[in-house]
There are 2 protein chains.
Amino acid sequence: MDNKKTDTEALNQEIINRIKPSMPKKELLYDLSDFFKVMGDSTRIQLLWALEESELCVGELSAILDMTKSAVSHQLKVLRTAKLVRSQKRGKNVYYSLNDEHVQIIVKMALEHVCE
Amino acid sequence: MDNKKTDTEALNQEIINRIKPSMPKKELLYDLSDFFKVMGDSTRIQLLWALEESELCVGELSAILDMTKSAVSHQLKVLRTAKLVRSQKRGKNVYYSLNDEHVQIIVKMALEHVCE
DNA sequence: ATTATATATGAATAGTTGTTCAAATGTCAA
DNA sequence: TTGACATTTGAACAACTATTCATATATAAT
């Protein structure tokens with residue numbers, strides 16, 4: 001009897017058939033990678049790092065990071081859209097604070113990975 | 001006596017002076033954001049996800065992800081450079097496996113954030 | 001040696017992203 | 001209202017990234 005496939009390919013198929021259905025669905029996949037994309041910028045990490053210490057307004061964050069208020073505001077919008085921070089207007093200022101407990105733990109984990 | 005600054009700016013300076021020195025150094029910052037950048041791609045997340053189940057070669061990964069072997073190989077190189085996977089040549093195949101325990105925990109944490 | 005298979009690589013391209021700049025909005029004080 | 005301050009926004013530009021395609025390398029079998 002003629003096996004259509006070479007034996008290397010036969011070996012593959014078994015494990016492929018087992019793992020392929022256990023892969024995450026597209027939507028979850030995008031949500032996951034989008035989350036990491038948001039974390040994958042040094043400006044945004046600095047913002048989260050600072051906000052871990054205290055609620056801060058845009059001007060203060062801009063002074064702490066040594067960056068334009070505009071650049072900071074743009075990045076805060078990204079963090080807000082990702083629901084990682086929340087904002088609250090008080091007078092002329094807009095105060096930002098952390099919105100998610102997971103983030104601090106994830107950053108800590110990443111630190112352990114990076115510092116080894 | 002003449003205060004050079006308005007009172008809104010005076011309020012700022014105190015908190016800025018406290019937080020600014022506690023910010024992470026540039027190098028750590030880049031290491032951190034580089035790590036998240038690597039995770040911030042759905043193809044690479046799929047690769048890590050699959051490798052969590054078993055050691056796999058490029059052809060198998062390419063079949064599981066439904067992607068070109070070339071594209072998979074390119075992304076595996078990124079993961080290898082980031083030391084998230086390691087490779088081992090056996091015969092004609094190159095087998096990849098996870099190289100870091102932190103990653104699985106971090107992905108799990110990110111999942112919890114994303115699925116709420 | 002030649003052929004087939006497995007993987008890696010480089011160049012090219014299309015798409016995405018972060019910062020800057022200028023301008024708009026909103027808030028308070030005089 | 002006018003002016004000063006705080007923040008947001010949109011457009012533009014440069015830098016980066018993921019995939020494709022063609023090709024190169026390496027291993028095994030004939």
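The structure displayed is predicted, hence computed values, not measured ones. Just so we're on the same page: letters track the sequence lines, and every chain starts at 1. All values below were derived from every heavy atom in this structure, side-chain atoms included, with hydrogens, water molecules and symmetry-related copies excluded.
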Requested in this report: For the side chain of B:Q75, starting at C-beta, report the closest nucleotide among D:dA6, D:dT19, C:dA8.
Outcome: D:dT19
Requested in this report: By nearest nucleotide on DNA chain D, pick out whichever of A:C57 and B:G40 is the more 5' one.
Outcome: A:C57
Query - C:dT7 phosphate, OP1 or OP2, under 4.0 Å from B:N93 side-chain N/O - result: yes
Query raised in the report: Roughly how far, to the nearest 0.5 Å, is CD of A:E52 from CG of A:L98?
Result: 6.0 Å
**Report entry** Considering all heavy atoms, the nearest B:K69-B:G59 contact
**Finding:** CE-CA, 4.2 Å
Report task. Starting at atom CG of A:D66, determine the distance to atom C1' of C:dG18, rounded to an integer number of angstrom. Result -> 17 Å
Query raised in the report: OP1 or OP2 of C:dA6 less than 4.0 angstrom from a side-chain nitrogen or oxygen of B:Y96, does that happen here?
Result: no
**Report entry** Distance, rounded to the nearest Å, where A:D34 contributes CG and D:dA18 contributes C1'
**Finding:** 15 Å
Query raised in the report: For B:S70, which contact category applies under a 4.0 Å heavy-atom criterion: base, sugar-phosphate, or nothing?
Result: base
Report task. Using whole Å, report how far CZ of B:R90 lies from P of D:dT27. Result -> 15 Å
Requested in this report: Report yes or no: does B:R44 contribute a side-chain atom to a donor-acceptor pair with the main-chain N or O of B:V38 at less than 3.5 Å?
Outcome: yes
Requested in this report: For A:R44, report the nucleic acid contact type (base, sugar-phosphate, nothing); a contact means any heavy atom under 4.0 Å.
Outcome: sugar-phosphate
Query - Per A:K77 side chain, nearest of listed nucleotides C:dT19, D:dT9, D:dA6 - result: D:dT9
Query raised in the report: In whole angstrom, what separates B:K69's NZ from C:dT5's P?
Result: 9 Å
Report summary line: Taken to the nearest whole Å, CE/A:M67 to P/C:dC21 is 12 Å
Query - Atom pair distance, as rounded to whole Å: NZ in A:K89 and P in C:dT25 - result: 13 Å
Query raised in the report: Taking for each residue the nucleotide of DNA chain C with the nearest heavy atom, is it B:V58 or A:V78 whose nucleotide lies nearer the 5' end?
Result: B:V58
Requested in this report: Consider the side chain of B:H74, meaning its heavy atoms from C-beta on, and name the nucleotide among D:dC21, C:dT27, C:dT20 that approaches it most closely.
Outcome: D:dC21
Report summary line: Testing C:dT19, D:dT17, D:dA18 for proximity to the side chain of B:D41, the answer is D:dA18
Query raised in the report: Heavy-atom distance under 4.5 Å between the side chains of B:I106 and A:F36, does that happen here?
Result: yes
Query raised in the report: Do you see a donor-acceptor pair shorter than 3.5 Å between the side chains of A:S97 and A:Q88?
Result: no
Query raised in the report: What's the CZ-P distance between B:F36 and C:dT17, to the nearest Å?
Result: 18 Å
Report summary line: note: B:L76, atom CG; D:dT19, atom C1'; distance rounded to Å ~ 14 Å
**Report entry** Side chain of B:K92 - closest among C:dA8, D:dA28, D:dT19
**Finding:** D:dA28
Report task. Report which part of the nucleic acid A:T68 touches: base, sugar-phosphate, or nothing (heavy-atom distance under 4.0 Å, all strands). Result -> sugar-phosphate
